[in-house]
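Structure first, commentary second.
Chain naming here is simple, since letters A, B, ... match the order of the sequence lines and numbering starts at 1 in each. Values in this document were obtained by computation on a predicted structure and should not be read as measured data.
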Amino acid sequence: MPELPEVEVTRRGLAVLLGRRVTDVVVRTGRLRYPLPGDLIGQIGGKALTDIGRRGKYLLLALGAGHLLIHLGMSGNLRLVAAAEAPARHDHLDVVFGRTVLRLRDPRRFGAVLWLEGDPATHPLLARLGPEPLARGFTAGRLAAALARRRTAIKPALMDSRVVVGVGNIYASESLFRAGIDPRQPAARVTAAQLAKLVSAIKDTLRAAIRAGGSSLRDYVQAEGDLGGFQRRHQVYGRAGEPCRRCGTLVRCLRQTGRATYYCPRCQK
DNA sequence: ATGTGACCCTGGATGC
DNA sequence: TGCATCCAGGGTCACA
């Protein structure tokens, strides 16, 4: 579910917790992608939340000298609920801040919660990540360097977190449509002019999705429980057989490395 | 090293 | 109605 825009919208929605202290932790499921920390209350109990960061699709909650790393996997969401609200199925973790509870729900349990001590950037899950797409340092030149000699198609290459972080299956298709690039084109053959358009398209697409509150397909909601709105503005994702919003040609779907890719055969060359 | 498919897990949609 | 099959915002792992 959550790609960079959804994680970023979630991150912003948690800002009301800044400065508040953890009063309790409730773990209902011992294992997501990894086992949950065994003594989470001992590690974060009583500590104040001093920062909420994001690296790619990972959230980093600064608590005392460490960070609580949270990944939402395919179906996770984080909501702020009242302490009295009863948990539902798949509500695996509560981090309690007095009357407000940060509640993690994740039906498929592909998400992760880890306690990190020391510099998060050096953690194995984060150390090899590529550039942040919305940072100034993400340029056509840097993208060209990352894609050089790569023989795979541009679309799966864009979803490789070593190339750029945060671009998942929806926004890879959407960005390539916006840039007018055929998703099947070999990554290393995409021209410099196309890469310049692609970098702009990725930034524009992600920013627009963040403004719209993300894409809610099945499981994703914002921190206050609201649905995102960007799915209504998808140009190609999930629209196979429907007319391209730009030229009217029917949108096509194909499968690349096991994932559905949507594109307009006329607008994308 | 790079590329691809299996796999982790649950639930919804579809088809027989 | 019931059951089987396929598919889904991600990431890791084994193996070509």
d([atom1], [X]; [atom2], [N]) in whole Å:
| X | N | atom1 | atom2 | result |
| --- | --- | --- | --- | --- |
| A:L72 | C:dG11 | CG | C1' | 13 Å |
| A:R31 | B:dT10 | CZ | C1' | 16 Å |
| A:L125 | C:dG11 | CG | C1' | 9 Å |
| A:L32 | B:dC8 | CG | C1' | 12 Å |
| A:D106 | B:dG11 | CG | C1' | 13 Å |
| A:Y262 | C:dC7 | OH | P | 10 Å |
| A:Q256 | B:dT2 | CD | P | 19 Å |
| A:I70 | C:dG11 | CD1 | C1' | 17 Å |

Sorted by number, the residues of residues 107-116 of chain A with heavy-atom contact under 4.0 Å to DNA chain C: A:R108, A:F110
Check: A:S75 side chain, A:D219 main-chain N or O, donor-acceptor pair, under 3.5 Å: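 No, because the side chain of A:S75 does not come within donor-acceptor range (under 3.5 Å) of the backbone of A:D219.
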A:E3 side chain vs A:I170 backbone, donor-acceptor pair below 3.5 Å: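 Between the backbone of A:I170 and the side chain of A:E3 there is a qualifying donor-acceptor contact (under 3.5 Å).
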Non-neighbouring partners of A:R54 that pass salt bridge (charged side-chain N to carboxylate O under 4.0 Å, His left out), sequence neighbours left out: A:E8, A:E132
Partners passing salt bridge (charged side-chain N to carboxylate O under 4.0 Å, His left out) against A:R252 (at least two apart in sequence or in another chain): none
Partner set under side-chain hydrogen bond (donor to acceptor under 3.5 Å, both in side chains) for A:H90, not counting sequence neighbours: none
Residues which pass side-chain hydrogen bond (donor to acceptor under 3.5 Å, both in side chains) with A:R178, listed by chain and number, not counting sequence neighbours: A:T205
4.5 Å side-chain heavy-atom contact, A:L195 and A:I181: no
Student check: side-chain heavy atoms of A:V26 and A:V101 closer than 4.5 Å: no
Tell me whether the side-chain N/O atoms of [X] come closer than 4.0 Å to OP1 or OP2 in [N].
| X | N | result |
| --- | --- | --- |
| A:R89 | B:dG11 | yes |
| A:R259 | C:dG11 | no |
| A:H90 | B:dC9 | no |

Selected nucleotide, minimal atom distance to A:R150 side chain, candidates C:dT12, C:dA8, B:dG3: B:dG3
Sugar-phosphate, base or nothing in reach of A:R105, heavy atoms under 4.0 Å: nothing
Criterion side chain to side chain contact (heavy atoms under 4.5 Å, CB included) against A:L104, the qualifying member of A:L72, A:V27, A:T29: A:L72
Pairs satisfying side-chain hydrogen bond (donor to acceptor under 3.5 Å, both in side chains), at least one member in residues 240-250 of chain A, at least two apart: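 side-chain hydrogen bond (donor to acceptor under 3.5 Å, both in side chains) check on residues 240-250 of chain A returns A:R239-A:E242.
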Residues within residues 151-166 of chain A bordering DNA chain B, heavy-atom distance below 4.0 Å: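 Heavy-atom contacts with DNA chain B come from A:R151, A:T152.
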Residues within residues 226-246 of chain A bordering DNA chain B, heavy-atom distance below 4.0 Å: none
Parallel, tilted or perpendicular: rings of A:Y171 and A:F230 (30°, 60°): tilted
Bracket string, DNA chain B, 5' to 3' - pairs by Watson-Crick or G-U geometry under 3.5 Å, | interstrand: .|||||||.|||||||
Listed pairs under 3.5 Å, donor-acceptor, residues 135-152 of chain A side chains, sequence neighbours left out:
unit_1, atom_1, unit_2, atom_2, d
A:T139, OG1, A:R142, N, 3.2
A:R150, NH1, A:D160, OD2, 2.9
A:R150, NH2, A:D160, OD2, 3.4

Contacts table for residues 111-118 of chain A: side-chain donor-acceptor under 3.5 angstrom, sequence neighbours left out:
unit_1, atom_1, unit_2, atom_2, d
A:W115, NE1, A:E117, OE2, 3.3

Salt bridge (charged side-chain N to carboxylate O under 4.0 Å, His left out) partners of residues 13-29 of chain A, not counting sequence neighbours, each pair once: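 Applying salt bridge (charged side-chain N to carboxylate O under 4.0 Å, His left out) to every pair that reaches into residues 13-29 of chain A, excluding sequence neighbours, yields A:R28-A:D94.
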